[in-house]
Protein chains: 2
Amino acid sequence: MALDRNSRYVAQVAEALEGRRSTRRTATLASLAAELGVSRTTVSNAYNRPDQLSPALRRRVLDTARRLGYPGPDPVARSLRTRKAGAVGLLLTEALSYAFRDPVAIQFLEGLALACEDNGSGLLLVPVSPEAEDVGAVARAGVDGFVVYSMPDDDEHFAAVLERPVPVVVCDQPTDVPDVDRVGIDDQAAMVELAEHLAGLGHRRIGVLCMRLSLDRNDGFASVGRQDSARYEVQRRRLAGLRDGFTAAGVDWSTVPVVERFDHTEAAGAHAFEQLTEKHPEVTAVVCTSDILALGALRAARAAGRDVPGELTVTGFDGVPAAERAGLTTVRQPSLDKGRAAGELLLDRGDRQRSRTLLLPTELMVRATSGPPAS
Amino acid sequence: MALDRNSRYVAQVAEALEGRRSTRRTATLASLAAELGVSRTTVSNAYNRPDQLSPALRRRVLDTARRLGYPGPDPVARSLRTRKAGAVGLLLTEALSYAFRDPVAIQFLEGLALACEDNGSGLLLVPVSPEAEDVGAVARAGVDGFVVYSMPDDDEHFAAVLERPVPVVVCDQPTDVPDVDRVGIDDQAAMVELAEHLAGLGHRRIGVLCMRLSLDRNDGFASVGRQDSARYEVQRRRLAGLRDGFTAAGVDWSTVPVVERFDHTEAAGAHAFEQLTEKHPEVTAVVCTSDILALGALRAARAAGRDVPGELTVTGFDGVPAAERAGLTTVRQPSLDKGRAAGELLLDRGDRQRSRTLLLPTELMVRATSGPPAS
DNA sequence: CGGGCGACCGCAACCGTTTGCGCCCCCGAG
DNA sequence: CTCGGGGGCGCAAACGGTTGCGGTCGCCCG
């Protein structure tokens, strides 16, 4: 049995190789039809509409195809005719490979992949160089629609996506793009909730670590002006939430130090933490707009001998697995569900409604890195 | 003459527009040419060969395109004509979404993505349902080549890939497929090295936890016969390496218990550990064929009150970040480099050599979970 | 024996571009 | 005035398939 299987496999492979080896152009639907003495329609039907021709003929077609090394209808030609590519494109903020470095992006991707595989459609990761003006890659992508993940405002690539006559759904940002669906969370409200938690614990002197606010690198303190004009809406909204929450608790936001980091890594978080606390040793709570930054800050705090949460509170945002392991107080957002919802929104285009926005719930996870300020 | 031709296009387009006003037929190269009173060639050149027409006309073409909402040449039609899709397909062992759950796969993907973005080509994740016989997805993928990641022997999807007249490079398994490049590591030698390390420490009574050996679920002990006939070559080779290494140290391999798990999760590793130690409490070292399993085993061991490495040695394979954090003794393999190398092998097809195999180095990482057996 | 009915298969019109050449015309040199 | 040359643009043949319909033919039923 196993032997049988193997020999069949070997034969199959050899045959495939032979087909490829030949320098002559690979067989086409037409040449196959000619060889068989039937019409192209019939050959096409043999592959796509088996009920349209007799089983005997169908078998003959398929056998001859195998003999001639015809690999079946060319996917590109088929796509051209049917106007379906069988794939959704994904546009990412960063370089393509970044998607696999950020745990939140990975979760999102997993969800999106789930939706795709349910639908039987592929997932095309569109190659974008962050600095390259080359928008060609998105114009060249053969896809039935785009999912856009967390793009800054006024992005060229995103503009190129909107140019394409295919449906688009964005995740997180930008918001308020006419005629495209969107899935996200209420970043601002989530941050208000977190702020209330911290204010309730008694924190009044806080510091903030946030991700990149605009496309220019600014590894340092971010003025209120810079905060308000951030090109990354998500960061803008999270900061706004903090502002609202702490302002309500009597804190003058303009006195709150906000340290920005261009790179989104734990190392960046650690370094930002040092920068913050060196200049503002009085802060009792360090609020980070992402778990990655918070984990870095946490590490740096403990490396500096600070007791967390006894002496200092550290919080994050996102709810990645590592944050849970570290006992980090954070806001959990359903990243995987966002990905799946984005995919479904794009693919389940049964009821072509007016543009919808889907806001998923978040959850404040109070864990072991937040406590009342040291008295 | 030209007018005649043009008017035909005009009529054609008008007709199309009238037929589908509701869905607003998008402009085409031809309709744009008709509107401008130039040939399709010229419009095409405006996009692809700017030096082939006067700057003034080019500008006029582009402006008119914008006015008409022409999104530029259709990617699919272009692909058909140029015979280039601008994307590489990726075929995975598991369901598409699994790729984002396994740290090793993620690393591989990151490397592959790096190679792709360097080359400006997209990365198409081909949707495969593990159980579905539907091979159609790979036949339908519009790509210039395939990267195949760690497929079992005799896989239908892989066979379908070989059918396609495009270059293929496989990662890890299967090996020895004629005419396809391959990148991987020497799994067997790496395991021999690990075995020698453990044997050198004095371990003679060992137990093994391994990943899925075949497509049928077998969560339990795996006979030597099952080990030898495993459909997953990587697992087969790793076990063979252990066998070689420990046999050389005087161990009778047929007495070594090997526990198999279908699912590749920490929970599975933990459970497998319990199953192993319940039946074989005498083992002094638990060797796992992956870090994930090892991390689960480690957790289970400590939960059971076993001192690692004082009382028990646990080792993994792969060298994922979590393993480093946990201080796990393991074999590090360059997963990211494998991905990048696979991509480069596929894309840098300058010298169409005979099929190459690229074996990357591994490194034994002796850390804090291995030590001499308790006396 | 006529009519109707499936089962099977082919016609022909697209799908939207790219590209190797060839043509035309204007311009400067001889 | 002739002639070579080159810039600028168009011709027409692919590229490889899909599909709404319509045609043919054997067979069954009344």
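Labels below follow one simple rule: chain letters A, B, ... track the order of the sequence lines, proteins then strands, and each chain is numbered from 1.
- When the C1' atom of C:dC8 is taken as reference, atom CZ of A:Arg60 falls 13 Å away, rounded to whole Å.
- A:Thr41 contributes a side-chain N or O that forms a donor-acceptor pair with the base of D:dT19 under 3.5 Å.
- With salt bridges taken as basic N to acidic carboxylate O contacts below 4.0 Å, one links A:Asp172 and A:Lys338.
- Taking every side-chain heavy atom of A:Ala77 into account, D:dG16 is the closest of C:dT17, D:dG16, D:dT19.
- A:Thr64 and A:Glu35 form no side-chain donor-acceptor contact under 3.5 Å, judged by distance and modelled atom types alone.
- Salt-bridge check for B:Arg58 with B:Asp63: failed, with every basic side-chain N at 4.0 Å or more from each acidic carboxylate O.
- Between B:Asp181 and B:Arg356 there is a salt bridge, since a side-chain N of the basic residue sits under 4.0 Å from a carboxylate O of the acidic one.
- Within the nucleic acid shown, B:Leu53 comes within 4.0 Å of sugar-phosphate atoms alone, with no base atom in reach, counting heavy atoms only.
- The side chain of B:Arg78 contributes an N or O atom lying less than 4.0 Å from OP1 or OP2 of C:dT18.
- Heavy atoms of B:Ser44 sit under 4.0 angstrom from at least one base atom.
- Protein atom CZ of A:Arg59 is 16 Å distant from nucleotide atom P of C:dC8, rounded to whole Å.
- What separates NZ of B:Lys84 from P of C:dG16 is a distance of 23 Å, to the nearest Å.
- Going from atom CG of A:Asn48 over to atom P of D:dG16 covers 17 Å, rounded to whole Å.
- Comparing atom distances between the A:Arg81 side chain and each of C:dT18, D:dT18, D:dG16 picks out D:dT18 as nearest.
- If you check every strand for non-hydrogen atoms under 4.0 Å, B:Val76 touches nothing.
- In this structure, CZ of A:Arg49 is placed 12 Å from C1' of C:dG10, rounded to the nearest angstrom.
- The CG atom of A:Asp51 sits 13 Å away from the C1' atom of C:dG6 (whole-angstrom rounding).
- The phosphate of D:dC15 (OP1 or OP2) has no side-chain N or O of B:Ser79 nearer than 4.0 angstrom.
- Using a 4.0 Å heavy-atom criterion, one finds that B:Arg83 contacts the sugar-phosphate atoms exclusively.
- Note on B:Thr28: every side-chain N or O is 4.0 Å or more away from OP1 and OP2 of C:dG16.
- Rounded to whole Å, the distance from CZ on A:Arg40 to C1' on C:dC11 is 10 Å.
- In this structure, of C:dG20, C:dG16, D:dT18, it is C:dG16 that holds the atom nearest to the side chain of B:Leu80.
- A:Asn45 has its CG atom 17 Å from the P atom of C:dA12, to the nearest Å.
- Atoms CG and CZ, from B:Leu32 and B:Arg67 in turn, are 9.0 Å apart once rounded to the nearest 0.5 Å.
- Remark on DNA chain D: of its neighbouring residues A:Val43 and A:Gln52, the 5'-side contact belongs to A:Val43, judged by nearest-heavy-atom nucleotide.
- Between B:Tyr47 and B:Tyr70, the ring-plane angle classifies as perpendicular under the 30° and 60° cut-offs.
- Which of C:dT17, C:dC8, D:dG16 sits closest to the side chain of A:Pro55 comes down to C:dC8.
- Looking at heavy-atom distances under 4.0 Å, A:Tyr47 makes no contact with the nucleic acid at all.
- Judged by closest nucleotide on DNA chain D, B:Leu57 is the one of B:Leu57 and A:Asp74 placed further toward the 5' end.
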